[in-house]
Amino acid sequence: MDKKYRYKDVDKKIYEMWEKKKYFKANPNSKKRPFCIILPPPNANANLHLGHAMYVYEDIMIRFYKLRGFESFWLPGADHAGFETWYVFEKHLKKKGKSRFDYKREELFKMVWEFVMQNKNNMEEQLKRLGFSLDWERKKFTLDEDIVQIVYKTFKKLFDDNLVYRGKKLVNYCVKCGTSFSDLEVTYKDVKGKLWFILYKLENSDKGLVVATTRPETLFGDVAVAVHPDDKRYKKFIGKKVILPFINKKIPVIADEMVDMKFGTGVVKITPAHDSNDWLVGERHNLPFVQVIDFNGKLNEHAGEFSGLHIKKARPLIVQRLEDQKLLVKVKDYEHRVGHCYKCGSVIEPLPKEQWFIKIKPLAQKAKDAILKDEIEIYPHRFKKILLDWLDKFYDWNISRQIVWGMQIPAYFCKSQKKWFVSVNKPSKCLVCGKDDFVQDTDTFDTWFSSGQWPFATLQALGKEFFNFFYPTSVMETGYDILPWWVARMIMFGIYITGSVPFKNVYLHGLVRDSKGQKMSKSKGNVVNPMDVIDKYGADALRASLVFETAQGGDVVFSDNKVRSMRNFANKIWNIGRFIYLQHTLTERDSLDKDVVNGDKHIKDLEKESSKFKKRYMQLMEKYKFGQAFDELYEFVWHRVADYYIEQLKESLRSGNIEVLERLTNIYFELLKMLHPFMPFVTEAVWMNLNKSNKSILETTL
RNA sequence: GGCCACUUAGCUCAGUUGGCUAGAGCAUUCGGUUUACAUCCGAAAGGUCGGAGGUUCAAGUCCUCCAGUGGCCACCA
């Protein structure tokens with residue numbers, strides 16, 4: 001055995017050996033108890049980052065339960081990541097001086113497909129370098145035909161059950177990205193803006209009502225002004241009409257309780273087409289809605305002389321003209337929160353658009369019931385409440401996206417009857433009128449609509465025996481940041497389609513931060529490429545550094561220093577093995593009386609302490625306290641076993657006490673098994689060196 | 001504004017249903033060693049357990065209040 005562990009020479013060979021011997025290949029007909037994790041499918045549009053390396057927690061569980069005699073199954077996959085990928089792809093197009101408008105839909109789709117396949121292969125190789133014991137023969141991609149079929153079936157069922165509907169509502173629209181989003185994709189930011197006080201004159205009068213607004217450019221879409229019914233200042237104006245500046249349109253003064261008498265002037269302009277609160281007021285008062293901003297962010301024909309102007313340019317002009325006409329009464333600095341596109345950062349426009357919406361409430365209720373009945377355990381426990389809060393806050397979910405990349409929605413419009421129908425397979429004739437005068441919706445699904453079905457979709461796609469044996473899966477392990485996007489939706493869809501929760505446990509890991517506790521981001525320049533770390537210190541060191549000194553679900557403090565000390569630990573493990581190995585090869589021994597050096601006593605103490613420690617380790621592992629289990633393992637292996645016991649036993653070993661050596665070897669094997677989930681390569685390497693049977697550590701049990 | 005979590009040694013964390021002088025690793029300082037060891041080993045130092053009050057024979061641990069940190073959500077023209 002070498003003096004040190006040469007990971008660069010052996011890790012790859014070890015992984016290939018594991019794969020060749022099919023240790024990661026799950027058997028759905030096994031007599032063992034199942035243990036299944038579905039890998040959160042990484043986006044197939046970029047290389048892995050440290051966040052992906054956090055899936056090491058899944059590998060720890062998969063390997064641990066495998067050693068415990070379970071039939072472990074870790075299913076790999078990749079996500080087409082609809083809009084995320086689309087965004088990256090459009091940037092690439094832009095670099096080449098092209099845009100999406102230069103291609104036909106089919107061409108675009110094909111181009112993205114090729115782009116994604118390349119990245120997907122790359123990503124899979126990287127997951128292997130991390131040592132992840134994924135069952136590659138069972139990998140799935142969200143755009144695999146069988147997966148798409150299952151997702152389409154879900155949509156059809158939702159449609160038939162009246163849980164999805166086509167509706168024209170205000171949607172979150174990003175005019176730059178050219179698509180609508182769900183409520184979750186909008187991030188609110190504090191914006192320093194202005195509050196403009198504008199005079200709306202009464203009919204045949206120079207006097208009028210002053211409205212306060214942050215968005216003067218929407219005034220063309222005003223259909224009323226509202227005051228509070230109890231507001232004494234304005235009671236007499238209710239029912240009268242005021243005149244919109246520029247276009248001289250008469251709109252009524254109405255009374256509505258949503259108006260806050262204390263805010264601004266107590267008079268609100270009502271623009272149902274561009275504000276969600278106003279939309280509600282419009283519905284209550286049966287007002288028309290007038291869209292004045294189009295999907296390119298420009299004012300349309302309702303804006304009179306300003307039509308065709310982008311709203312950003314129009315606003316100052318409009319304010320100026322109001323001032324000219326002495327209709328601008330006052331301007332006040334005002335800080336408020338404005339929704340922005342989570343991806344490009346543009347201001348999100350609420351625009352009226354016909355889209356597909358899922359009625360969330362009935363689905364969310366069942367998810368809540370399941371969680372309250374503890375059908376799903378969540379680690380750390382504090383996220384249980386957060387998840388329940390989320391389920392309460394979900395409103396109808398807009399799943400239509402105006403992009404090409406993704407699953408085209410299997411909804412068709414009958415032109416003659418003006419009616420929508422849904423069909424899983426492309427229909428040859430209209431299911432409404434029987435003719436062929438129909439078109440498919442050009443929109444695609446929100447990515448989360450398909451990934452929300454991932455646990456049952458993958459297992460169903462693999463076949464009945466997989467679904468029956470492994471569903472519900474054992475653990476869903478993912479970052480806490482996608483709790484509402486993904487976890488909540490998987491629970492809802494899982495219950496809706498299969499009647500059962502999709503997983504029995506949820507383990508949420510934290511964020512990887514740098515040594516100063518800062519989030520890693522490109523702009524801060526503190527991003528670490530996991531592959532570089534592996535090159536430098538080995539995969540085991542990287543893996544261990546993401547677990548060591550980390551509380552359950554806590555953020556990981558990542559530093560070069562920590563990886564280095566984990567590399568040293570790997571070497572320590574190796575060298576204990578080397579020491580034992582050398583003792584076994586020792587041919588000449590002194591003939592010291594073993595009783596003189598207390599070998600028997602020390603080895604007995606060590607055995608006692610080891611079995612006590614193993615119990616402790618098991619408890620921690622079963623309670624999902626992986627960081628702590630590893631911390632204590634580190635301390636025990638290094639500072640108790642190596643520093644203390646082996647030092648005590650040295651004389652006895654040198655004297656030729658074979659029994660002590662055998663007993664020490666057995667204890668070391670136990671330690672290797674406990675270490676293996678965390679540091680699979682070095683433990684396997686040393687195991688193969690020491691174990692004469694030449695069998696993998698994966699063939700043993702813990 | 002609402003909700004949640006956290007606050008124990010310089011750093012990262014343990015501390016089980018309240019019970020003997022509060023623990024570990026890393027970092028620090030000192031000493032030793034060339035050993036199985038990309039060095040390693042030993043020792044030391046380091047905490048009024050965020051603050052205040054309460055329950056109790058006994059509180060880092062339970063309760064109340066306060067402060068600070070972090071997170072999530074909402075939001076009003």
Side-chain angles (χ1 to χ4, degrees), chain A residues 1-7 183-184 187-188 190 195-198 211-216 218-219 222 225-227 256 258-260 262-271 274-278 281 334 336-339 380-390 392-393 480-481 483-484 510-511 513 515-517 519 537-538 541 548-559 561-562 564-583 616 619-620 623 625 627-636 638-640 642-644 646-647 650 653 686:
Chain A
M1 269 176 92
D2 239 308
K3 266 198 165 186
K4 60 184 180 186
Y5 177 57
R6 298 186 182 278
Y7 62 89
D183 294 342
L184 292 178
T187 49
Y188 286 86
D190 284 318
L195 198 53
W196 285 278
F197 292 73
I198 304 167
V211 300
T213 180
T214 54
R215 302 201 60 191
T218 62
L219 69 85
D222 290 0
V225 295
V227 297
D256 195 285
M258 70 68 93
V259 179
D260 178 358
K262 287 181 219 119
F263 187 89
T265 57
V267 187
V268 189
K269 66 198 259 320
I270 302 298
T271 325
H274 298 289
D275 181 282
S276 52
N277 268 318
D278 293 3
V281 176
Y334 183 63
H336 62 146
R337 286 173 73 75
V338 179
H381 296 299
R382 67 171 183 277
F383 285 107
K384 180 171 171 173
K385 200 170 172 195
I386 296 178
L387 184 57
L388 287 170
D389 284 353
W390 265 112
D392 270 335
K393 280 176 203 153
Y480 63 74
D481 47 334
L483 195 66
L511 259 48
R513 296 172 181 277
S515 54
K516 288 171 204 143
K519 265 190 195 176
Y537 299 111
F548 193 65
E549 292 186 323
T550 301
Q552 185 189 62
D555 290 347
V556 176
V557 180
F558 187 87
S559 68
N561 202 29
K562 195 160 156 187
R564 214 175 305 127
S565 61
M566 290 301 107
R567 187 268 323 263
N568 289 349
F569 184 46
N571 197 44
K572 189 76 186 178
I573 294 165
W574 174 265
N575 267 296
I576 298 169
R578 181 163 182 262
F579 174 75
I580 291 171
Y581 173 83
L582 291 176
Q583 300 307 309
R616 168 84 179 153
Q619 276 173 8
L620 291 169
K623 284 199 280 181
K625 298 200 165 186
Q628 206 182 330
F630 186 62
D631 286 359
E632 294 189 17
L633 195 49
Y634 173 95
E635 210 254 321
F636 184 66
W638 197 320
H639 301 294
R640 289 306 292 163
D643 289 352
Y644 181 72
I646 290 182
E647 289 305 318
K650 266 184 181 170
L653 290 167
V686 75

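None of the values given here were measured: they were computed from a predicted structure. Sequence lines set the chain letters: A, B, ... in the order given, protein chains first and strands last, and positions in each chain run from 1.
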Would you call A:R640-A:E635 a salt bridge at under 4.0 Å N-O?
no
Between B:A77 (P) and A:D260 (CG): distance, integer Å
10 Å
Could you let me know what B:U55 is paired to, Watson-Crick or G-U wobble, both distances under 3.5 Å, or none if it's on its own?
none
If I pick the C1' atom on B:A27 and the same atom on B:A36, what distance separates them, to the nearest angstrom?
26 Å
The side chain of A:W390 lies closest to which of these nucleotides: B:A38, B:C72, B:G15?
B:C72
Give the ring-plane orientation class for A:F383 versus A:Y480, where under 30° counts as parallel, over 60° as perpendicular and anything between as tilted.
parallel
How many Å lie between NZ on A:K562 and P on B:U12, as a whole number?
10 Å
Decide yes or no for A:R215 and A:W196: does some side-chain heavy atom of the first lie under 4.5 Å from some side-chain heavy atom of the second?
no
Given side chains that start at C-beta, do those of A:N568 and A:W638 come closer than 4.5 Å, heavy atoms only?
yes
What is the distance, rounded to the nearest whole Å, between atom CZ of A:F548 and atom C1' of B:C11?
12 Å
Distance below 4.0 Å between A:Y334 side-chain N/O and B:A77 OP1 or OP2
yes
When the P atoms of B:G15 and B:A77 are considered, how many whole Å apart are they?
46 Å
Using atom P of each nucleotide, how far apart are B:C49 and B:U7 to the nearest Å?
14 Å
In whole angstrom, give me the gap between the P atoms of B:U29 and B:C20.
34 Å
Between A:W638 and A:N571, whichever has its closest RNA chain B nucleotide further toward 5' is A:N571
Ion pair present between A:K385 and A:D389, side-chain N to carboxylate O less than 4.0 angstrom?
no
Distance between P atoms of B:G70 and B:C11 (Å, rounded):
16 Å
Atom pairs under 3.5 Å, N or O on each side, protein against nucleotides 31-36 of chain B: can you list them with distances?
| residue | atom | partner | partner atom | Å |
| --- | --- | --- | --- | --- |
| B:A36 | O3' | A:R578 | NH1 | 2.9 |
| B:A36 | O2' | A:N575 | OD1 | 2.3 |
| B:A36 | O2' | A:R578 | NH1 | 3.2 |
| B:A36 | N7 | A:K650 | NZ | 3.2 |
| B:A36 | N6 | A:E647 | OE2 | 3.2 |
| B:A36 | N3 | A:N575 | O | 3.0 |

Looking at B:A38, B:A77, B:C26, which one has an atom nearest to any side-chain atom of A:K4?
B:A38
To the nearest angstrom, how far is A:Y188 atom OH from B:G71 atom P?
20 Å
Tell me: CZ of A:R564 to C1' of B:G25, nearest whole Å?
17 Å
Given 3.5 Å as the limit, does a donor-acceptor pair link the side chain of A:K269 with the main chain of A:V211, or not?
no
Measuring only the P atom in each nucleotide, how far is B:C76 from B:G19? A whole number of Å is fine.
50 Å
So what does A:D278 touch, heavy atoms closer than 4.0 Å: a base, only the sugar-phosphate, or nothing?
nothing
Using whole Å, what does the distance between atom C1' of nucleotide B:G25 and atom OH of A:Y644 come to?
20 Å
Who pairs with B:G25 - Watson-Crick or G-U, where each distance is under 3.5 Å:
B:C11
Integer angstrom distance from the P of B:U8 to that of B:U16:
16 Å
In Watson-Crick or G-U wobble terms, both distances under 3.5 Å, what is the partner of B:U69?
B:A5
If you check every side-chain atom of A:T214, which of B:C73, B:A77, B:A38 has the closest atom?
B:A77
Please report, rounded to the nearest Å, how far the C1' atom of B:A14 is from the OH atom of A:Y634.
16 Å
Quick one: does NZ or CZ of A:K625 land under 6.0 Å from the six-membered ring centre of A:F630, within 45 degrees of the ring axis?
no
Who is the Watson-Crick or G-U wobble partner of B:G42, with both distances under 3.5 Å?
B:C30
Find out whether A:I573 and A:Y634 are in side-chain contact, i.e. whether some heavy atom of one side chain is under 4.5 Å from a heavy atom of the other.
no
Return the polar atom pairs (N/O with N/O) between nucleotides 1-10 of chain B and the protein under 3.5 Å, or none.
| residue | atom | partner | partner atom | Å |
| --- | --- | --- | --- | --- |
| B:C4 | OP1 | A:K385 | NZ | 3.3 |

Side chains of A:V557 and A:E549 in contact at under 4.5 Å (non-hydrogen atoms)
no
From CG of A:D481 over to P of B:G71, roughly how many Å is that when rounded to an integer?
13 Å
A:W196 side chain near B:A77 phosphate (N/O to OP1/OP2, under 4.0 Å)
no
Could you report the tightest heavy-atom contact between A:I646 and A:F579, atom names first, then the distance?
CG2-CE2, 3.5 Å
Earlier contact from the 5' end, RNA chain B, for A:R567 and A:K269:
A:R567
Could you let me know what B:U17 is paired to, Watson-Crick or G-U wobble, both distances under 3.5 Å, or none if it's on its own?
none
Side-chain donor/acceptor of A:N575 to backbone N/O of A:K3, under 3.5 Å
yes
Please confirm whether any donor atom in the side chain of A:E549 sits under 3.5 Å from an acceptor in the base of B:G25, or the reverse.
yes
Considering only the P atoms, how many Å lie between B:C65 and B:A22, rounded to the nearest integer?
30 Å
Parallel, tilted or perpendicular: which describes the rings of A:F263 and A:Y334, with under 30° parallel and over 60° perpendicular?
perpendicular
Pairing partner (Watson-Crick or G-U wobble, both distances under 3.5 angstrom) of B:A74:
none
Ignoring the backbone of A:H336, work out which of B:A14, B:C72, B:A77 is nearest its side chain.
B:A77
Quick one: label A:F558 by what it contacts on the DNA or RNA (base, sugar-phosphate, nothing), any heavy atom closer than 4.0 Å.
nothing
Within the structure shown, what part of the strands sits under 4.0 Å from A:A212 by heavy-atom distance: base, sugar-phosphate, or nothing?
base
